[in-house]
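Heads up, the thing below is written out as structure tokens.
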Amino acid sequence: MAVVLVMVGLPARGKTYTARKIVRHMQWHGHAAKVFNVGNYRRERLGSNQPASFFDPDNSEGRSARRAMAEAALADLFGWLDSGGEVAIYDATNITRERRGWVRASIRERGIEPIFVESICNDSDIVATNIRETKLLSPDYVGADPERAVSDFTRRIEHYERAYEPITDEALSWVKVVDVGRRVVINRVQGPLATRIVALLMNLHIVPRTLYFTRHGESAYNVLGKLGGDPSLSPRGRRYGPALSRFLDTRQTRPTHVWTSTLRRTIETARPVTSAARSWRLLDEIDAGVCNGWTYADVAARMPDDFHRRKADKLRYRYPRGESYLDVMERLGPVILELERQQESVLVVAHNAVIRCLYAWFADKTVDEAPHLEIPLHTVIAITPRAYGILEERFALDVDA
Ligand code: F6P
């Protein structure tokens, strides 16, 4: 049974951020999920430079243009569900009772009870940060003068505030997310997919923090080109931990938490950084099963068929008695929720396939791209999530000096 989520809330309340995360979460666990953002329809059809007055509830021309966009987006959403979509998110402000009534009735005609996800933000600091980021990064203000953009956007929000009617109807299914995760209130929400979505909503926040991802230092197996196993670091790889620690000293704050896998090479790498690392089995490298300890050349020679099948579909190929990338993604679910929940900086020292998957989640890469991402050794990837996208920096550390 398809699930339709309907976002509700004033502009700059983190709706789009939340919608995108839900889609990611669902795709990650193998479901077809898609956001239908009414703002994108407006930008495509009318251009991105509509003045604040376009959003004035007393401007009847603006009102009917906005309604036409809302209808077009909903029609596409239905078309997508008909073609096999499973989780659709209708991303618009939907702030009036009248609008929600129409949206709900249209969705119920298809036998689906929508779940409203209302994003309420009373924390003026969060709103101010959102406005600033929106001003800088929203497609509505590309190339606009920042001061003008902020004042125009603030006026747009004021128009919406006049019309806003928060959800009060307890006959509807809804989740209210207050101050991006500070409080989550749930009403009449059931079913396995919806439960997963609520778990994500409970862990999301937009408190600024940086996530550091790195592979372990070069291992004895890396030197030999062998897969998997539990080797120690090579002499060169042993220089990476101290280099990593020195690098972290140059950052504004050192990460509060350091996580490793249970494998020697990540624990040895983290030791110079902290004596208090947490080891997660969930962060262990992809299990190469019967190919553990082999080189790629061994796999090609001894199991040519498997070698080609993996090349053709690296995401789904499962090593005999081992794992596929999809398996790794599934098992990383709890780590990702925990990373989302953390409000302080975290350093994750893990492995090639595992860092690819974690990076893909936070850098908004598709599930299909994940197995092919380039994650070099001795490189720290620093990711700072933002309301619109992320700030990503890569630091290649010198272990040969
Ligand atoms: O070669 C190092 C390594 O971490 C192996 O243990 C693992 O099997 C491999 O990388 C994963 O990369 P790929 O999926 O590209 O084979």
Side-chain angles (χ1 to χ4, degrees), residues 28 30 212-241 244 259-270 277 279-332 335-336 347-363 365-381 394 396-397 399:
W28 201 261
Y212 298 96
F213 295 129
T214 183
R215 292 172 66 185
H216 50 79
E218 181 188 77
S219 72
Y221 268 25
N222 289 140
V223 176
L224 301 170
K226 289 185 175 180
L227 307 177
D230 190 13
S232 274
L233 297 178
S234 72
R236 186 166 172 260
R238 280 202 288 276
R239 293 200 287 273
Y240 182 56
L244 181 58
W259 298 351
T260 68
S261 71
T262 61
L263 298 170
R264 255 191 278 266
R265 52 199 188 274
T266 62
I267 295 171
E268 290 173 8
T269 301
S279 294
W280 294 69
R281 201 180 159 80
L282 295 173
L283 286 173
D284 285 1
E285 180 55 311
I286 188 170
D287 183 351
V290 300
C291 303
N292 239 307
W294 298 12
T295 62
Y296 289 115
D298 292 334
V299 182
R302 296 167 66 175
M303 296 182 8
D305 202 46
D306 279 67
F307 186 77
H308 290 299
R309 279 201 293 124
R310 185 162 202 261
K311 225 176 170 164
D313 189 357
K314 205 174 168 189
L315 177 67
R316 288 176 192 81
Y317 171 84
R318 178 179 285 143
Y319 282 108
R321 300 218 213 113
E323 289 178 303
S324 66
Y325 268 86
L326 280 181
D327 293 332
V328 174
M329 289 175 181
E330 187 71 33
R331 91 160 124 94
L332 285 174
V335 180
I336 285 172
L347 165 68
V348 181
V349 183
H351 306 266
N352 200 7
V354 167
I355 297 292
R356 275 179 179 143
C357 296
L358 294 179
Y359 171 78
W361 172 278
F362 285 96
K365 303 290 178 197
T366 64
V367 167
D368 294 282
E369 281 173 284
H372 307 281
L373 295 168
E374 204 52 54
I375 310 286
L377 282 173
H378 306 156
T379 302
V380 185
I381 304 174
R394 287 192 177 213
L397 307 186
V399 292

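Counting starts at 1 for both ligands and their atoms, following the listed order.
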Does at least one non-hydrogen atom of [X] fall below 4.0 angstrom from an atom of ligand 1?
{"X": "Tyr221", "value": "no"}
{"X": "Arg356", "value": "yes"}
{"X": "Pro371", "value": "no"}
{"X": "His351", "value": "no"}

> Which is closest to atom 2 (C) of ligand 1 by heavy-atom distance: Ile286, Asn222, Val299?
Replying inline: Asn222
Considering the heavy atoms of [X], write down every atom of ligand 1 situated less than 4.0 Å from one of them.
{"X": "Gly228", "result": "5 (C), 6 (O)"}
{"X": "Lys314", "result": "13 (P), 14 (O), 15 (O)"}
{"X": "Tyr325", "result": "12 (O), 13 (P), 14 (O)"}
{"X": "Arg310", "result": "13 (P), 14 (O), 16 (O)"}
{"X": "Tyr296", "result": "9 (C), 12 (O), 13 (P), 15 (O), 16 (O)"}

Is a donor on one side and an acceptor on the other found under 3.5 Å between the side chain of [X] and the backbone of [Y]?
{"X": "Trp28", "Y": "Met329", "result": "yes"}
{"X": "Arg310", "Y": "Tyr317", "result": "no"}
{"X": "His378", "Y": "Glu218", "result": "yes"}
{"X": "Lys226", "Y": "Thr295", "result": "no"}

>> Just to confirm my output: which protein heavy-atom neighbour is closest to atom 4 (O) of ligand 1, and how far is it?
In response: Glu285 OE2, 2.5 Å
>> Counting non-hydrogen protein atoms only, what is the nearest one to atom 10 (O) of ligand 1? Give residue, atom name and distance.
In response: Asn352 ND2, 3.3 Å
>> By the definition salt bridge (charged side-chain N to carboxylate O under 4.0 Å, His left out), identify the one residue from Asp306, Asp287, Asp313, Asp327 that meets it with Arg318.
In response: Asp327
> How many angstroms lie between CZ in Arg281 and CG in Leu263, if you round to the nearest 0.5 Å?
Replying inline: 8.5 Å
> About how many Å separate CG of Leu224 and OG of Ser234, when rounded to the nearest 0.5 Å?
Replying inline: 10.0 Å
> Can you find a pair of side-chain heavy atoms, one from Val354 and one from Leu358, that are under 4.5 Å apart?
Replying inline: yes
